[in-house]
Structure formats: C-alpha cells, structure tokens
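Data block below; observations after.
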Protein chains: 2
Amino acid sequence: MKQKITLKHIARELEVSISTVSKALKNSEEIGRDTKEKVQAFAKLYNYKPNNIAISLKNKRTKNIGVIIPDIVHHFFTTVFRGIEKYANAHGYNVIVCVSDESFDKEVINMELLANGSIDGFIMSLSAETQQKNDFNHLKEVTEQGIPLVLFDRVTEEIDCDKVVINDMEIAYRAVDKLIKTGRKRIALVTTENYFNVSKKRAEGYQKALEDNGLKMEERLVLKLPYTEVNDEMITKFFDTNEIDAVLCVNELFAILCMRLAQKKGLRIPEDISFIGFTNGILSRYATPTLTTVEQHGEKMGQIAAEMLIKKIESEIDEEEETYRTEVIEATLIERESTPN
Amino acid sequence: MKQKITLKHIARELEVSISTVSKALKNSEEIGRDTKEKVQAFAKLYNYKPNNIAISLKNKRTKNIGVIIPDIVHHFFTTVFRGIEKYANAHGYNVIVCVSDESFDKEVINMELLANGSIDGFIMSLSAETQQKNDFNHLKEVTEQGIPLVLFDRVTEEIDCDKVVINDMEIAYRAVDKLIKTGRKRIALVTTENYFNVSKKRAEGYQKALEDNGLKMEERLVLKLPYTEVNDEMITKFFDTNEIDAVLCVNELFAILCMRLAQKKGLRIPEDISFIGFTNGILSRYATPTLTTVEQHGEKMGQIAAEMLIKKIESEIDEEEETYRTEVIEATLIERESTPN
DNA sequence: AAAAGTTACGCAAACGGTTTCGTGTTAATA
DNA sequence: TATTAACACGAAACCGTTTGCGTAACTTTT
C-alpha cells in the first residue's frame, strides 16, 4: 500500500525545508532553478498532490457546496441537481448532497452538520414539513454566519437570500387560458395542500385565468391530493361527481394518474377532456397519450443557482449591505397529445 | 454577521488555555468542576461547534464518502443513491456525488480530486466509456493508496474490491423461461452494445434459457441499440423484418419505446406480443400497458454498498491480506400487464 | 517538617499545507 | 576594501483541534 506523499516527505528526501518544497512546487521566484527542477521532478515521480483538507483549513475555503433537496428519486430535483453539479464541477467545486426526505428535522440536522466548515455555501429547496411549520431559523442561522444560501423552487419570503424560481403563476395562467381558448369551460385543478408555495402560485394563476375569461372558480373543481400515497378512489370520485372537460395538474404524476382513471371511465383524451401537467419528466413524454406539460427548465435552474452561489462565495467583499436577487426562469408549455392543437 | 466561534475565542474570553477548553468540552477528568461548567456554559451560550475540517485533518477521517455515478437523471442510479445516502447519513457520513456523465475522463478527474483527502472511500458504478476502454488504472491507484472502494452494478473483474450486483444472468434466464412457458417461441432481445457487463450477463441468460428450452438463439432477433439517442426507425425496421412474439429489453426505456411502436404497428400487448424490461422505474408502473419488469432493488443495493464501504473504512486492521466480497442481490420479476399471466 | 501524591491546568507537538519575514552567502557597487 | 543589493533558502506563525506530558500549588502521609 503506497502511502500518500506529503511535503514533509519530499523535504526530508531532498534535504531541503518544507517551505522550499512548497514554494518550488508553486514555481515561486524565490527558489533557484536547480532546486525547483529537482523538487518538481521528484513530486511528479511520486505523484504528489496536495491534501485538500489541509488547504481547506488554511484558506477557510472547502470548494464544496452543500445541496439539500427533499427527494432524490424525483425527476425535477435530479434535473436541477444536474445543472448544479455541472456548473459547480466546471468551476472547481464539489457537491455534497443531503436529502431531507421532506422532513424538517433532517433538514435542520443536515444543515447544521454541513455548516460547521464542510461547505462554502448552500443550495436548497425547502422540505414539505418546513413549509408547513413555517420555521426557518436554521436558514437564518446559516445566513447570519455569513454562509451564502440560494433557494430554488420551494422558497420562502421569510429569508433574505438569492432565489431561483419559475413564473409559476403566469405559466399556470397561460395553461388555463389555452384550455379555455380551445373551448373548455369546466376546468379542474388537481393540486396539493396549500403550504407548498408553488402550488399556491399555480392555483392563483388558475383562478385568475378563469376570472379573466368570465368563468368563476368553483371550489368543487379543485381537488387537493395528499403529497404521498395518492389513492385512486379520491380521483375517481372527483371525476364521477363533477363534469370536467379539462384538468390542470400541479405535477406530472397527478396528471398521469388522472388520465388513467379518466380513460378507464371511457373519456377520450383530448376529445372529451384535456390534461396539462407540470414537470416535463419522462412520464409526460412516454405516457399514453403523451402529456402536454410545463417545462420548468430544471437544469437551467440548477445552473443559475450554482452560478449565483459561487459568485457570492467568491466575492471577497462582504459588503455591509448585501444585495439579493430573485431570478425568475420562464417556464415553457410543451404541447403534446393530451391537449387538442 | 456572527463569526463562527473557535476554541481560541473561548480560551481568550475565559482566560484559560485552548487545551483546557478542549478538554473541558469533552468532559475530561483532568479539568476541575468549576472550570468545566464555566466553559461548557459559555460554549453553549455561543453555540460552539467544532470545525469539521480541523477535525478531519487531525483524525485523517473526513466522514465523507464519494459516490461516482454515470448519470443522475436516471431512476436506477437515484434509487441506489438514496440507499447509500440513507445508510451513510444514519452512520454519520456525508455523501459527495460526482457525475461521470458516462465519460472516462470525468470519472478519472473526479476520482483523483476526491482521493486527495476529501473522502474516506468510494462507491461507484463505471461509466460506459470506462467499460469500453477497459482501462481501470484510476481505480487501481485509489485502491493501492488504501482507499476503500465498492463497485455496484457496472463492475469489473479487473479490480479487487467489494462489489454489489444483481444476479443478472439468472433473472434474464427466468424472464425468458417465463415467456417460453406462456407459449412464446420467437423471443427478441433488445440490448445495448456488449461492453456493458450487465448487458452481457443478461444476454447470456437469454441465450441459455432459449437453448435449455430447445430453441436456438438467432442473431437477427437481437437488436443492439445505441445507449443514447435511440431513433424509432431502427426499432420499427426490426419489428417489420422479424416475426416476434415476445421481447426482453435490458432497460425500461427500450421496452417502452418498443411497446409504443409495436402498438402503432397494430400488435396487441400481451395477446400478440409480450414485453419484459429491466429497471422497475416510474415508466414501468405508469406506461400503457404497465410493464412486466425486473426489480433490481436499487435502494437495497445502495444500502449494502454503503454498509460494506463503511465497514471497510472503520476496520482499523489494515490486514495484509485484504478480503473482498461480491454481494449478489436477488432480482425480482414484477408481473404486470405486458405479459399474460 | 520533609517526602510523596493529587489536582488542575498549560505547553507544545501534531495533522499538511501556505506565507511572511529573516538571514547567510555571493556578487555588484562605491 | 567596505557597503549594499540580489539571491536562495529556512524558521516560524497560522488555520482549529486533540492529546501526551510537564508542573505549580495543594493535600496527604510518615
């Protein structure tokens, strides 16, 4: 087992001081040509690589960024993650991922753990529970320590920091407006509980589009499903008790489930009923029929989040008056078979 | 901005030495009651938390594990990742993820970067390119340095280390055998190029099942698709030029694509043609018809990989004669609508 | 009262680097 | 020949912790 070689080893072997070795490897002007060459050759031969941890300790920079997301087996989050990872990697950063599993406690624990020197900044999307509790002290603590933080998608206004979101309200508006323009009148919304701020925004867009088109929102056309463990019955009942000719779903899975049950009921898509979902994932592309859906540009979102974070990390100036931005990414409606064209 | 407090700050404030503070916080017997209480109270008040980096440097243990996977927007890998992350987190480890993007170079660069002190061990699945090149020097270097390594799913026999795989050959055998038992005779295999060892194993199982049932393998019933950017034409042509009554696909996506095109051709599933895929992902569950598929138990795989790795990391004994295991997870065939029952 | 043992703490080295400053040797200048 | 500058390198501090060991001040024993 080859042990990792350190400056000390090289110094001892070459009978020079550690500082000479360090400088020689950095090609410092201070060191003579012969010594430099000797040291560099030796280092190359033994494949010397500086120890990251030692360097981190010295510079107080880890070149790691912490990403905390609610779930990893999830198309949208992995897409964002890919954007983060690509940008970060290209700029010399590594990514430490923690999954909060939609739990407040895990989110807190993971943040505290990472905040003790392991990372230079955070990128995160709030867990469901955190949004429910409306408790953001862990975020506040981190920002007060001067650790940069970027929130994406599931954000909160309680915390001053950089944010990246999509124009949820407007795209929902446009989606519903489009449904109305194709003659639909009884448009349902299938959503989650309201504590998800994105769901709230989408609901607002839904309502506004209805109203601007002279329709009024009916509570019974809004179905709120639990985030986990949806059972078919709720959906079936919803379709049985209401006449519906179009559905906007706040995510892809809800849309697929609804389409299946509508089809089972004998409805033809999109002739009798149209569907639009959020999250342009693999399901939307390969479902039958393929689903018209809102592309959230997750990878771009991740890339921008990483860009904002790294910029903050590397801006030496800890200006007294920090300035925070909220970047809004334009979502795109991708039309497929579940809506008439 | 509250600066992070260190032992030095506490020491200065309380007019004791740094070592006294350190020992007091660890409740050492060496320190008097009064001093201990004073220090502990102060530390709690100012929310002192030791710096992870300093501790890592001291112990030569980072409590980080490096995970290198070919892709993150991918159901199987994220599932495995979830298993790794859960187990690691529960045992005090954080996870640094690098995505090789199926590229040999990225795999090498990322490994070298992380190997310089950032992590205590690796869990990885080989990139496509690495398997093609058959070049594993980067793995060899890492293991020679004494850094524990666990390979999963896409493994190689060239490297001595712990491994976690599924019984690909047998499950493919069982799948094909099942197809034959339902009366199918012209069974196709849709696979990738052979340099994926898992594809090779699955192909072996396919062939053996045919032969054991008195059928012989026909090359023209084997379709090799490129791993990326599949175009429908290749598949259509394959179906047009061959009479096929069952298909085994080495992944979920191939199966979905094939099913769509078979349906388009007017074939009924499973009456005219059956399908079995690998990877029990979201597509299999929600496609029309739902897909009979091989569940690879990704989460379990990740959990076992993490368990093996952490055990190696924490076994102080760097025994001269290391002993490596290959854990084989039993895959399960999940029957759905794409096969008759 | 002298010797020995406790108690409670500080010093310093170590982990693996970087960097500032000081200094001995040689070469150039006055 | 004395003064100074340039060169090439080493000592030491520092990042934040941990820990073995030394020791001053008491307490106990004989």
Side-chain angles (χ1 to χ4, degrees), chain A residues 3-40 42-43 46-64 113-120 145-147, chain B residues 3-40 42-43 46-64 113-120 145-147:
Chain A
Q3 256 305 314
K4 260 280 164 191
I5 193 171
T6 69
L7 290 185
K8 198 192 281 191
H9 296 133
I10 304 184
R12 195 183 305 142
E13 211 64 31
L14 263 38
E15 298 185 303
V16 293
S17 76
I18 292 179
S19 31
T20 301
V21 177
S22 174
K23 289 170 189 167
L25 291 175
K26 296 193 115 62
N27 235 318
S28 159
E29 292 302 324
E30 271 186 88
I31 305 298
R33 241 169 58 93
D34 298 359
T35 314
K36 271 204 273 196
E37 281 172 7
K38 192 175 60 173
V39 171
Q40 290 173 359
F42 190 91
Y46 286 94
N47 193 29
Y48 169 80
K49 294 278 169 47
N51 180 305
N52 293 331
I53 298 292
I55 292 183
S56 294
L57 183 58
K58 185 94 242 278
N59 315 334
K60 299 169 145 231
R61 280 287 161 80
T62 62
K63 288 276 186 179
N64 286 154
L113 199 68
L114 293 182
N116 297 134
S118 300
I119 51 90
D120 296 338
Q145 279 175 41
I147 301 178
Chain B
Q3 256 305 315
K4 260 278 165 194
I5 193 170
T6 70
L7 289 185
K8 197 193 281 194
H9 295 132
I10 304 183
R12 195 183 306 142
E13 211 63 33
L14 263 40
E15 299 186 298
V16 292
S17 77
I18 293 179
S19 34
T20 301
V21 177
S22 174
K23 288 169 186 167
L25 291 175
K26 295 193 118 59
N27 235 319
S28 159
E29 291 303 322
E30 270 187 87
I31 306 298
R33 241 169 57 95
D34 298 358
T35 314
K36 272 204 273 197
E37 281 173 7
K38 193 175 57 174
V39 171
Q40 290 173 0
F42 191 91
Y46 286 94
N47 194 29
Y48 169 80
K49 294 278 168 49
N51 180 305
N52 293 331
I53 299 292
I55 293 183
S56 294
L57 182 59
K58 190 94 241 282
N59 312 339
K60 299 169 143 236
R61 281 287 164 77
T62 61
K63 287 280 185 175
N64 286 155
L113 199 69
L114 292 182
N116 296 135
S118 300
I119 50 91
D120 297 339
Q145 279 175 38
I147 301 178

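Per chain, numbering begins at 1; letters A, B, ... match sequence-line order.
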**5' precedence on DNA chain D between Lys23(B) and Tyr48(B) (nearest-nucleotide basis)** =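 Result: Tyr48(B).
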**Message:** Would you say that more than 12 heavy atoms from the other residues, nucleotides or ligands in this model lie under 6.0 Å from the CD of Glu13(B), or not?
**Reply:**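 No, the 6.0 Å shell around CD holds no more than 12 heavy atoms from other groups.
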**Asked** Considering only heavy atoms, which members of residues 52-59 of chain B lie under 4.0 Å from some atom of DNA chain C?
**Response**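 Heavy-atom cutoff 4.0 Å gives Leu57(B), Lys58(B).
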**Asked** Among residues 3-15 of chain B, which residues get a heavy atom nearer than 4.0 Å to DNA chain C?
**Response**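 Listed by number, there are none.
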**Asked** Under 4.0 Å between a side-chain N or O of Lys26(A) and OP1 or OP2 of dT18(C)?
**Response**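 Checking dT18(C) against Lys26(A), a side-chain N or O does come within under 4.0 Å of OP1 or OP2.
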**Message:** Check the phosphate of dA8(C) against Thr35(B), side-chain N and O only, distance under 4.0 Å to OP1 or OP2. Yes or no?
**Reply:**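 Checking dA8(C) against Thr35(B), no side-chain N or O comes under 4.0 Å of OP1 or OP2.
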**Request:** Tell me, please, the opening and closing nucleotides of DNA chain D, 5' to 3', among those with an atom under 4.0 angstrom from a non-hydrogen atom of chain A.
**Result:**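 Nucleotide range with atoms under 4.0 Å of chain A: dA8(D) to dG16(D).
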**For Pro50(A) against Ile55(A), the heavy-atom pair lying closest together** =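 Heavy-atom minimum between the residues: CB-CD1, 3.7 Å.
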Separation of [X] atom [atom1] from [N] atom [atom2], in whole Å?
| X | N | atom1 | atom2 | answer |
| --- | --- | --- | --- | --- |
| Asn27(A) | dT18(C) | CG | C1' | 16 Å |
| Glu30(A) | dT20(C) | CD | C1' | 9 Å |
| Ile18(A) | dT20(C) | CD1 | P | 18 Å |
| Ile31(A) | dT20(C) | CD1 | C1' | 13 Å |

Going by the rule side chain to side chain donor-acceptor pair (under 3.5 Å), which residues pair with [X] if we only count those two or more places apart in sequence or in a different chain?
| X | answer |
| --- | --- |
| Lys49(A) | Asn47(A) |
| Asn52(A) | Ser118(B) |
| Thr6(A) | His9(A) |

**Asked** Within the distance-only criterion (no hydrogens, no angle test), does the side chain of Asp120(A) pair as donor or acceptor with the backbone N or O of Arg61(A) below 3.5 angstrom?
**Response**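 Pair absent, no side-chain N/O of Asp120(A) close to backbone of Arg61(A).
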Would a 4.5 Å heavy-atom cut-off, applied to side chains only, mark [X] and [Y] as touching?
| X | Y | answer |
| --- | --- | --- |
| Leu14(A) | Val21(A) | no |
| Leu25(A) | Leu7(A) | yes |
| Lys60(A) | Ile53(B) | no |
| Lys23(B) | Val39(B) | no |

**Message:** Ignoring hydrogens and geometry beyond distance, is the side chain of Ser19(B) in donor-acceptor contact with the base of dC11(C) at under 3.5 Å?
**Reply:**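 Check passes, donor-acceptor contact within cut-off.
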**Item:** Positive for salt bridge (charged side-chain N to carboxylate O under 4.0 Å, His left out) with Arg33(B), one of Glu30(B), Glu37(B), Glu29(B)
**Value:**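 Result: among Glu30(B), Glu37(B), Glu29(B), Glu37(B) is the only option passing the salt bridge (charged side-chain N to carboxylate O under 4.0 Å, His left out) with Arg33(B).
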**Prompt:** Want to settle it: does Lys60(B) or Gly32(B) sit nearer the 5' end of DNA chain C, counting the closest nucleotide to each?
**Reply:**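 Nearest nucleotide further toward 5': that of Gly32(B).
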